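Here's the structure we're looking at; comments come further down.
These values consider heavy atoms only, across backbone and side chains, with no hydrogens, waters or symmetry-generated copies. Below, chain A is the first sequence line, B the second, and so on; all start at residue 1. All values derive from a computational prediction rather than experimental measurement.
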2 protein chains.
Amino acid sequence: MSRDDTQTERPAKGATIHEIAKAAGVSIASVSRALNGKPGISEALREHILQISRDIHYQPSAAARALIGGKAAVVGISLGRQDIELRPYYILLYQHLTLALYRQGMVPIFFACDQTPTLPERAGSAILLSDFPGDERPGFLASRRIPFVRIGPPGEGFSVAPDDRHGIYLATRHLIEGGRRRIAFIGDELGDDRHRLQGYQQALAEAGLPESLIGVPFSYDPALTAYRYLGRFLQPGPPLDGLVCENDEFARGCLTALEDRGIRVPEQVAVTGFDDLPTLAAQLTTVRQDIGRLAVEAVGLLGEAIAGARPRHIDLPVTLIRRQTG
Amino acid sequence: MSRDDTQTERPAKGATIHEIAKAAGVSIASVSRALNGKPGISEALREHILQISRDIHYQPSAAARALIGGKAAVVGISLGRQDIELRPYYILLYQHLTLALYRQGMVPIFFACDQTPTLPERAGSAILLSDFPGDERPGFLASRRIPFVRIGPPGEGFSVAPDDRHGIYLATRHLIEGGRRRIAFIGDELGDDRHRLQGYQQALAEAGLPESLIGVPFSYDPALTAYRYLGRFLQPGPPLDGLVCENDEFARGCLTALEDRGIRVPEQVAVTGFDDLPTLAAQLTTVRQDIGRLAVEAVGLLGEAIAGARPRHIDLPVTLIRRQTG
DNA sequence: TCTCTCATGGTAAACGTTTACTTTGTCCCT
DNA sequence: AGGGACAAAGTAAACGTTTACCATGAGAGA
């Protein structure tokens, strides 16, 4: 949770199922059926009700649902690769998702990636985190007809993601405009961040500069890994003057490695991160993404998925935050 | 969430206010009044009702309370020190707490340490994580008459914690029994883990061995910090044959540092951790604590605190897990 | 044309509390 | 002794859903 987040512990009072019913001129039972994608209602009426509920910003009451004990309110959150599912970025995302779901009257339960096959037993819908190439979860959920939303790049079904590629492009461009000419990219070629590498490549190509990739595998301790990988790279002296890191943790590891070698930042080497995590990015020039918004959009899409709307992707804007390191 | 956790997405159905009423031969209104310390009921009857509710292990449904409109169902989780609140251990704890609370029909919302003064506006009770010496939160909450539970060492009010001291004692004893004689402790003297140092000291004292403390401050990247601190310590060659680490992350950093210097584990140096985090402790000899149980006990105590029972502390058992590193 | 069947939509109960309102009964004052 | 005041306890409504069950009407088979 960002520290200045205005938390609402209950859905704002207002719009109930009864008001939708009144506005639509139907009974509350029909509204409930429409909202939960239950059968026994005509497609036309469902659409009509959905539209009204959108118009009046209807928010289901978590308390009422919990009281009943229905399973519609349970959302499985399927974590991604086991090695990175506890990174600060995901933690923040879990928290925001929890809050966003609660505001919609839903309850999250967490599933490790390899536990996901058991998800349908417990949850009525799902949010998939950090999908990766070859990820079997979307297919699995689709085959079980479980409504779900991916947090990741456009593809089949519902999805939402920050504009990774553009974010890194911005950071790289920023370094280039600052006069840097030997810019390396620190990142993992695999995983759900593969679009970030493309942003780096695009910016360099446009400027006619050579690429230099330092592949750092994700792990439980990204900062330490980056520290060691960069350390090896720096052996012969600094062959570079700019470092575009795929996330803030890599950037922190790089900063520490540079500091331990007496290399001045940003005079000798400029460093940028990605995410703008509150606890990590203190002085870091980085690309900010709005995790709170990401969570809200994901939950919104989930509502659409449950109601059976047409799949779509939402791309979230990112902004370059200039601080001391570049 | 541990991967084999049997999750229940709904609160277990249990005794309700109606059953108490029937057992006591009174109306539910009287039961409610007794339970909430409201006036309009005789002291004798109140006592009687309280006794019965205790006997049948009554747990109020926070969902129902939330429906009515109170904030009784909202539990503020006050995070600890800002620099460590995103560590994997706490993440796991958040997740388990969230689940345990849902099972009681309660909803957690998160407060950063410095946000905690605003907690009473939103939540009816609280769980305090990682209290530290000089922590003002318990006093603050007590003065506002907010029921709360600390996750930490015994003291005033309700609290629950794993037996930190004994766990480290076990690990240290294990190394001593394995023939190690120059055993260092890697940890932060501050924070809520200060009891772990004591366990180390006790074991060494009993064996008549000298202490050697490597102070490593907590931070967003414990593994990297440990790596660097241990690195300095190792300069003149390995002056030690055992490393007792205060947590698994420190241990991982130490293992990496040793590996980078070609020091063999466990032949030359044995290493132990603490927590047994699923993603970190693969081959690590470590002390396991049951985070799921910790969360459940914390929520149970919170129920007692709300009902106005007598404060108590719960000490949770820990076990030594022997793997390859020691 | 009369029923039988379905699809559709409505009615109302249930979930577990809190609380405003009502009833009962006791005690005291005149 | 009659009535007013007050404490103690009960009754029932309300919170916002979900869902089992019932009602309606249209189309179809006879």
Among [options], which nucleotide sits nearest the side chain of [X]?
{"X": "B:Ile41", "options": "C:dT17, D:dA9, D:dT18", "answer": "D:dA9"}
{"X": "B:Ala29", "options": "D:dG10, D:dT19, D:dT17", "answer": "D:dG10"}
{"X": "B:Val26", "options": "D:dT19, D:dA12, D:dG10", "answer": "D:dG10"}
{"X": "B:Leu45", "options": "D:dG10, D:dA9, C:dT11", "answer": "D:dA9"}
{"X": "B:Ser42", "options": "D:dT18, D:dA8, D:dT19", "answer": "D:dA8"}
{"X": "A:His18", "options": "C:dT11, D:dG16, C:dG16", "answer": "D:dG16"}
{"X": "A:Arg33", "options": "C:dT8, C:dG10, C:dG16", "answer": "C:dG10"}

Exercise for the section: Look at A:Arg46 together with A:Glu43 and state whether they make a salt bridge at an N to O cut-off of under 4.0 Å. Expected result: yes
Taking atom [atom2] of [N] as reference, at what distance in whole Å does atom [atom1] of [X] sit?
{"X": "A:Ile17", "N": "C:dT11", "atom1": "CD1", "atom2": "P", "answer": "14 Å"}
{"X": "B:Glu43", "N": "D:dA8", "atom1": "CD", "atom2": "P", "answer": "10 Å"}
{"X": "A:Asn36", "N": "D:dT19", "atom1": "CG", "atom2": "P", "answer": "7 Å"}
{"X": "A:Ile49", "N": "D:dT18", "atom1": "CD1", "atom2": "P", "answer": "13 Å"}
{"X": "A:Ile28", "N": "C:dG10", "atom1": "CD1", "atom2": "P", "answer": "10 Å"}
{"X": "A:Lys38", "N": "C:dG10", "atom1": "NZ", "atom2": "P", "answer": "18 Å"}
{"X": "B:Ile20", "N": "C:dG16", "atom1": "CD1", "atom2": "P", "answer": "12 Å"}

Fill in the blank from the handout: Stems with DNA chain D, 3 or more Watson-Crick or G-U pairs in a row (under 3.5 Å), are C:1-30 with D:1-30
Exercise for the section: Remember a base hit wins even if backbone is also touched, and classify A:Ser30 as base, sugar-phosphate or nothing at under 4.0 Å, heavy atoms. Expected result: sugar-phosphate
Problem - Verdict with reasoning, B:Val160 to B:Ile151, per side-chain contact (heavy atoms from CB on, under 4.5 Å) - result: CA-CA 5 Å; B:Val160 55; B:Ile151 295 193; 4.2 Å; yes
Practice task
Determine, stepwise, if the pair A:Ser78 / A:Arg137 fulfils side-chain hydrogen bond (donor to acceptor under 3.5 Å, both in side chains).
Solution key: CA-CA 9 Å; A:Ser78 171; A:Arg137 294 175 297 165; 2.7 Å; yes
Handout entry: Considering all heavy atoms, the nearest A:Ala24-A:Ile49 contact
Key = CB-CG1, 4.3 Å
Practice task
Could you grab the distance from atom CD1 of B:Ile20 to atom CD of B:Gln51, nearest 0.5 Å is fine?
Solution key: 11.5 Å
Completion exercise
d(A:Leu128 CG, A:Leu79 CG) to nearest 0.5 Å is 9.5 Å
Practice task
Please check the phosphate of C:dG9 (OP1 and OP2 only) for any side-chain N or O of A:Ser27 closer than 4.0 Å.
Solution key: no
Practice task
Would you tell me whether B:Gln289 and B:Asp276 have side-chain atoms, one donor and one acceptor, within less than 3.5 Å of each other?
Solution key: no
